[in-house]
Amino acid sequence: MKNFKSLKINKIGIIMLSIIVFFLLFSGMVYAKTGTSSDSSSSNFSIQNVITAVKNFDVAGKKTDGGIDAKAMGDKFAEQLKPIGDIIITVGMIVCVAVSIIFGMKFVAASGKGQEIAKLKTQLLGFVIASFVFVSAYPIWSFIVKTISEMVAKV
C-alpha cells in the first residue's frame, strides 16, 4: 500500500512538472502590442489611448483576414518548434551511439557463450528497429512542422 501511494504521488508530480514545462515552452507566443500604432514607441497609458486601441482592434477584427498575417504566424510557429525537434534528435542520436557502443562491448564480452550471444542478438534486433524508427522520425518531424505552418498560413 505504501508503494502504491508513493507511485501515485510520483505520477502526480510528473504530471504537474509536465504542465509547468508546457506553459513555459509556449509562454513566448504573444501577439499583442503595447502601442496604439506601429510607429508609436511611447507607452503613455491613458483612457484616450485605451479607447483608440479598442477602436483599432475593432476595425482590425472587421477585416476579412482579421488583421492577422497568417503566413508570418505560421513561419513563427515553425521557427519556435524547430529547436525542440533539434534537441530531441540530438539527444536521441547520442543515445543511439552510446547504446551501439554498449552492444559492441557486450558482444566482445560474450564471445564463446551461445546463450548470451542469442540473447544479445534478440536485443540487437529490437535496437536496430528502434534506431530505424528514430532516424526516420526526423523527416516525419520536418513534414509535420512544414504542414502545420502551411495550414496556419491558409487560415
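Nothing here was measured: the structure is a model prediction, and the numbers come from that model. The basis for the numbers below is simple: all heavy atoms, side chains too, and nothing from hydrogens, waters or symmetry mates.
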query: Going hydrophobic residue to hydrophobic residue with side-chain gaps under 4.5 angstrom, can you get from V128 over to V97?
result: no
- prompt: Should I88 and I140 be counted in the same cluster of Ile, Leu, Val, Met, Phe, Trp and Tyr side chains packed under 4.5 Å apart?
  reply: yes
statement: For G112 and I117, the nearest pair of non-hydrogen atoms, with its separation, is N-CD1, 4.0 Å
field: Distance in Å, K119 NZ paired with L124 CG, rounded so as to fall on 0.5 Å steps
entry: 14.0 Å
- prompt: Counting only N and O atoms by type, is there a donor-acceptor contact under 3.5 Å from the side chain of S111 to the main-chain atoms of F107?
  reply: no
Point-to-point distance, once rounded to the nearest 0.5 Å, from CD of Q123 to NZ of K106: 5.5 Å
- request: Group every Ile, Leu, Val, Met, Phe, Trp and Tyr by side-chain heavy-atom contacts under 4.5 Å, then state whether V95 and I102 land in the same group.
  value: no
task: Mind checking the CZ-CZ spacing from F134 to F127? Nearest 0.5 Å is all I need.
output: 10.5 Å
